[in-house]
Amino acid sequence: MSEPKKSPKQTPEKTLIRGARLLGGEPRDVLIDGGTVAEVGSGLDAGGAEVVEAEGHILLPGLVDLHTHLREPGREDSETVLTGTRAAAKGGYTAVHAMANTFPVADTAGVVEQVWRLGRESGYCDVQPVGAVTVGLEGKQLAELGAMHDSAAGVRVFSDDGKCVDDAVIMRRALEYVKAFDGVVAQHAQEPRLTEGAQMNEGVVSAELGLGGWPAVAEESVIARDVLLAAHVGSRVHICHLSTAGSVEIVRWAKSKGWDVTAEVTPHHLLLTDELVRSYNPVYKVNPPLRTEADVMALREALADGTIDCVATDHAPHPHEDKDCEWGAAAMGMVGLETALSVVQHTMVDTGLLEWAQIADRMSFRPAAIGRLAGHGRPVAPGEPANLVLLDPAYRGQVDPAGFASRSRNTPYQGHELPGRVTHTWLRGRATVMDGNLA
């Protein structure tokens, strides 16, 4: 299918998206005027607007990522807020939540405000900082949760991601504290004693390769404890990068009780398995580790039935020297912002598990609701903010990290053929991506 074509008229204030399949449904015209959606209908008059011909393309609300590592401040060799938000825009995202494991850690109002302001300056997507739960991510003392919430950044999500809040008393206190402003604690579920020296999923492959195993129970035991704690104090808990079939069952049970528990899954855990580690290629080294085929299938079903609320990238950029080395010395993590929607199309849409309207729910509506992020995850309707993404679902192409906007290249999909391509992204009516290129 050809790229959407624009008319020669260039009027930035107005854009008419003509003939797009809104949420995968029937073709509609969408008129953007200023920062909002002005009209949705058929046969709309362009009236001097810039026209994007979008026949056969899918129009969704701008994607929202609950779990992005932008690395700034402190690791600008991996990523910056500017390069990370450019990558986000190319992936169809209009908002990302920036994790707290920076240098210095985002555990004070000053640091979260710095990240928030850098996001505003970048202009490619909104950046909502995630505050640390504990000082320095050390798990010993609660960070300035209230001050971070009251800051200009308005933090509502708190996480020590990269590390687990393993002390039950600290976790309970954090859950109690964030109730005051309807915040949420996002837990990196990893029991540290059970994962000492772990290099990959514990199972048949780890035994054959002689690599330290990362047992499923190390994740599942923390999730079980935390859903019970959240129920006990009547607070909200969110489970980061859920990766095992057992974790799915615990979250499903907690939801059946009516507890305020939400969970995310990464694109790579929907597709890749621990069999890939046989290559000893550190690009497949990630936390939590790639699991088994049975786990992958359970995660897909749980995303389809709503047990898992949303897809989050866990975009984790690393410079080449941290990945182009022997397995044991390599850093954990993968970049994911620019390939997330393609992987989700491949695993969930093209398999018939989800329709595009449900993708909008899992990648925009729900993550925005969990993060209490105003202005995002909104319907494509008159009067709503024009945060939008247009994609060509018929596109097929090989992933080439040389063309990434991210500063890092540690993708597990290099050379893989994936479907779908973001052609346009609009942030409050302003194009950040046009014809697949940064605007």
Side-chain angles (χ1 to χ4, degrees), residues 67-69 71 74-75 77-79 99 101 103 137 161-164 166 188-220 222 240-245 247 265-296 299 312-340 343 398-402 404 406-416 418:
H67 195 143
T68 304
H69 296 275
R71 303 302 192 205
R75 285 305 305 265
D77 56 330
S78 304
E79 196 76 284
M99 283 296 174
N101 57 341
F103 299 94
L137 308 180
D161 184 67
K163 295 183 179 180
C164 179
D166 61 311
H188 173 115
Q190 178 190 351
E191 212 297 318
R193 293 295 300 280
L194 290 175
T195 54
E196 290 179 3
Q199 294 289 311
M200 65 169 296
N201 178 57
E202 181 178 287
V204 172
V205 180
S206 67
E208 292 179 1
L209 298 181
L211 291 174
W214 190 305
V217 71
E219 174 174 305
E220 296 157 5
V222 173
C240 295
H241 43 51
L242 186 149
S243 73
T244 78
S247 296
V265 64
T266 71
H268 49 270
H269 285 112
L270 291 171
L271 180 60
L272 309 177
T273 74
D274 61 353
E275 288 289 337
L276 292 165
V277 181
R278 294 184 186 277
S279 69
Y280 287 103
N281 186 342
V283 76
Y284 300 118
K285 187 175 182 181
V286 65
N287 179 351
L290 301 179
R291 304 290 188 178
T292 67
E293 183 72 15
D295 290 310
V296 167
L299 294 172
T313 68
D314 194 9
H315 175 79
H318 292 291
H320 72 88
E321 60 268 21
D322 288 354
K323 278 293 194 179
D324 296 342
C325 57
E326 64 273 15
W327 179 275
M332 294 180 176
M334 304 168 170
V335 291
L337 286 168
E338 293 170 76
T339 53
V343 174
Q398 289 192 344
V399 176
D400 181 8
F404 281 1
S406 171
R407 180 163 283 186
S408 294
R409 301 288 181 266
N410 51 306
T411 173
Y413 308 116
Q414 182 172 0
H416 290 228
L418 289 174

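For the atom pair CG of L211 and OH of Y280, the computed distance is 5.0 Å after rounding to the nearest 0.5 Å. Taken to the nearest 0.5 Å, the CE atom of M332 stands 4.5 Å off from the NZ atom of K285. Distance check: L271 CG to L418 CG gives 7.5 Å after rounding to the nearest 0.5 Å. Taken to the nearest 0.5 Å, the OG1 atom of T339 stands 11.0 Å off from the NE2 atom of H416. Within the model, atoms CD of E275 and OH of Y284 stand 12.5 Å from one another, a figure rounded to the nearest 0.5 Å. Separation of atoms CZ (R193) and SG (C164) is listed at 13.5 Å; rounding is to 0.5 Å.
Considering every non-hydrogen atom in both T313 and A340, the closest pair reads CG2-CB, 3.8 Å. Of all heavy-atom pairs spanning R71 and S78, the tightest one is CG-CB, 3.7 Å. When all heavy atoms are compared, the tightest approach of L137 to N101 is CD1-CB, 3.5 Å. Nearest heavy-atom pair across A312 and P267 is O-CD, 3.4 Å. Summarising the geometry of H269 relative to V296, their closest heavy-atom pair is O-CG2, 3.5 Å, with the distance given to 0.1 Å. S247 approaches E219 most closely through the heavy-atom pair OG-OE2, 2.7 Å.
Although no hydrogens or angles enter the test, the distance criterion places no donor-acceptor pair under 3.5 Å between the side chain of T411 and the main chain of V335. Between the side chain of K323 and the backbone N or O of A331 there is at least one donor-acceptor pair closer than 3.5 Å. A donor-acceptor pair under 3.5 Å is formed between the side chain of N410 and the backbone N or O of H318.
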> Are D322 and R75 close enough, and set up right, to give a side chain to side chain contact (heavy atoms under 4.5 Å, CB included), and what steps lead you there?
Replying inline: CA-CA 12 Å; D322 288 354; R75 285 305 305 265; 3.3 Å; yes
>> Show, in sequence, the C-alpha distance, side-chain angles and deciding distance for D166 and V222, and conclude whether the side chain to side chain contact (heavy atoms under 4.5 Å, CB included) test is met.
In response: CA-CA 8 Å; D166 61 311; V222 173; over 6 Å; no
> What do the steps show when you test M99 against D314 for side chain to side chain contact (heavy atoms under 4.5 Å, CB included), and what is the final call?
Replying inline: CA-CA 9 Å; M99 283 296 174; D314 194 9; over 6 Å; no
> Hey, mind stepping through R409 and Q414 against side chain to side chain contact (heavy atoms under 4.5 Å, CB included) and telling me if it holds?
Replying inline: CA-CA 9 Å; R409 301 288 181 266; Q414 182 172 0; over 6 Å; no
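Between the side chains of S243 and R291, at least one donor N or O sits under 3.5 Å from an acceptor N or O. Under the 3.5 Å distance criterion, with hydrogens and angles disregarded, no donor-acceptor pair is assigned to the side chains of Q199 and S206.
Among residues two or more places apart in sequence or in another chain, the side chain to side chain contact (heavy atoms under 4.5 Å, CB included) test is passed with H320 by D324.
Counting only heavy atoms from C-beta outward, the side chains of E202 and L194 never approach each other to under 4.5 Å. Between S406 and L337 the shortest side-chain heavy-atom distance does not fall below 4.5 Å. The closest side-chain heavy-atom distance from W214 to L290 is not below 4.5 Å.
Partner H67 forms a ring pair (Phe, Tyr, Trp, His ring centres under 6.0 Å) with one of H188, H241, H315 and no other, that one being H241.
Between D161 and K163, no side-chain nitrogen of the basic residue sits less than 4.0 Å from a carboxylate oxygen of the acidic one, so the salt-bridge criterion is not met.
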